[in-house]
Amino acid sequence: AGLTDAYGWYRVATRTFELQVPGCERAVRSAFAALLAATPAAIDRAFNTCAPATASTAAQLGRRLTDVLAAMAESSYPRDLSPVLAACKLVMTGIPGGLGGFA
């Protein structure tokens, strides 16, 4: 126990997003805050869910999005083919009437 930092990889992934698109880290953090603060009804509307969202839906989506974003950081080279660029553009632009930058 204590040999490695359990969150070290996520710091590397976060840094990758910020290095490739300055300001993206702040936008992603803001989108997560909006997602985690959303009501189930807001999640239903924003994500057009197949089944009604519940009190745990935001946290479940957050975990999935964390994994997807980390995988994007892992496959971010060469930079001109990086999925980070497109993800940051979408999150930073947001969707009118959406939920943060994720929907």
Side-chain angles (χ1 to χ4, degrees):
L3 297 177
T4 62
D5 179 354
Y7 300 101
W9 167 238
Y10 291 110
R11 276 193 287 286
V12 170
T14 299
R15 187 168 150 250
T16 298
F17 273 74
E18 189 61 25
L19 286 172
Q20 290 197 358
V21 183
C24 187
E25 175 186 357
R26 184 180 26 164
V28 169
R29 289 184 188 279
S30 177
F32 269 110
L35 171 64
L36 296 175
T39 64
I43 292 171
D44 283 341
R45 284 190 306 277
F47 289 93
N48 194 23
T49 58
C50 295
T54 66
S56 65
T57 301
Q60 292 169 350
L61 284 171
R63 285 189 297 274
R64 288 180 187 238
L65 286 165
T66 297
D67 291 343
V68 168
L69 293 171
M72 287 181 180
E74 191 171 353
S75 58
S76 64
Y77 299 98
R79 187 182 183 283
D80 59 330
L81 299 176
S82 174
V84 168
L85 303 176
C88 286
K89 181 179 178 181
L90 289 172
V91 172
M92 293 173 82
T93 303
I95 296 171
L99 181 64
F102 289 139

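All values derive from a computational prediction rather than experimental measurement.
For the atom pair CZ (Arg26) and CD (Glu18), the distance works out to 7.5 Å, reported to the nearest 0.5 Å. Atom-to-atom distance recorded for Leu69:CG and Glu74:CD is 13.0 Å, nearest 0.5 angstrom. Rounding to the nearest 0.5 angstrom, the gap separating the CE atom in Met72 from the CG atom in Asp67 is 12.0 Å. Here CZ of Arg64 is found 7.5 Å from CD of Gln60. Values are rounded to the nearest 0.5 Å.
Nearest heavy-atom pair across Ala38 and Ile43 is CB-CG1, 3.8 Å. Closest approach of Cys24 to Phe17, counting heavy atoms only: SG-CD2, 3.7 Å. Scanning all heavy atoms of the two residues, the minimum distance from Gly62 to Phe32 falls at O-CE2, 3.5 Å. Closest approach of Ala55 and Pro40 over heavy atoms only: N-CG, 4.0 Å.
Tracing side-chain contacts under 4.5 Å through hydrophobic residues (I, L, V, M, F, W, Y), one reaches Leu65 starting from Val28; they form part of the same cluster. Residues Phe47 and Val68 are members of one and the same hydrophobic cluster, defined by side-chain heavy-atom contacts under 4.5 angstrom among Ile, Leu, Val, Met, Phe, Trp and Tyr. Val84 and Val12 fall into different hydrophobic clusters, where Ile, Leu, Val, Met, Phe, Trp and Tyr side chains are chained together by heavy-atom contacts under 4.5 Å. Note: the hydrophobic cluster containing Leu85 also contains Met92 (ILVMFWY, side chain heavy atoms under 4.5 Å, direct or indirect links).
Under 3.5 Å, the side chains of Ser82 and Gln20 contain a donor-acceptor pair of N or O atoms.
Pairs passing the salt bridge (Lys or Arg N to Asp or Glu O under 4.0 Å) check and including a residue from residues 75-84, sequence neighbours excluded, do not occur. The side-chain hydrogen bond (donor to acceptor under 3.5 Å, both in side chains) analysis of residues 40-55, with sequence neighbours excluded, yields the pairs Asp44-Thr49, Thr54-Ser56, Thr54-Thr57.
The backbone N or O of Ala27 sits nowhere less than 3.5 Å from a side-chain atom of Ser30 that would complete a donor-acceptor pair.
Proximity of Thr16 to Tyr77: side-chain heavy atoms (C-beta onward) are separated by under 4.5 Å at one or more points. Residues Pro83 and Ser75 have side chains in contact (heavy-atom distance under 4.5 Å, counting atoms from C-beta outward).
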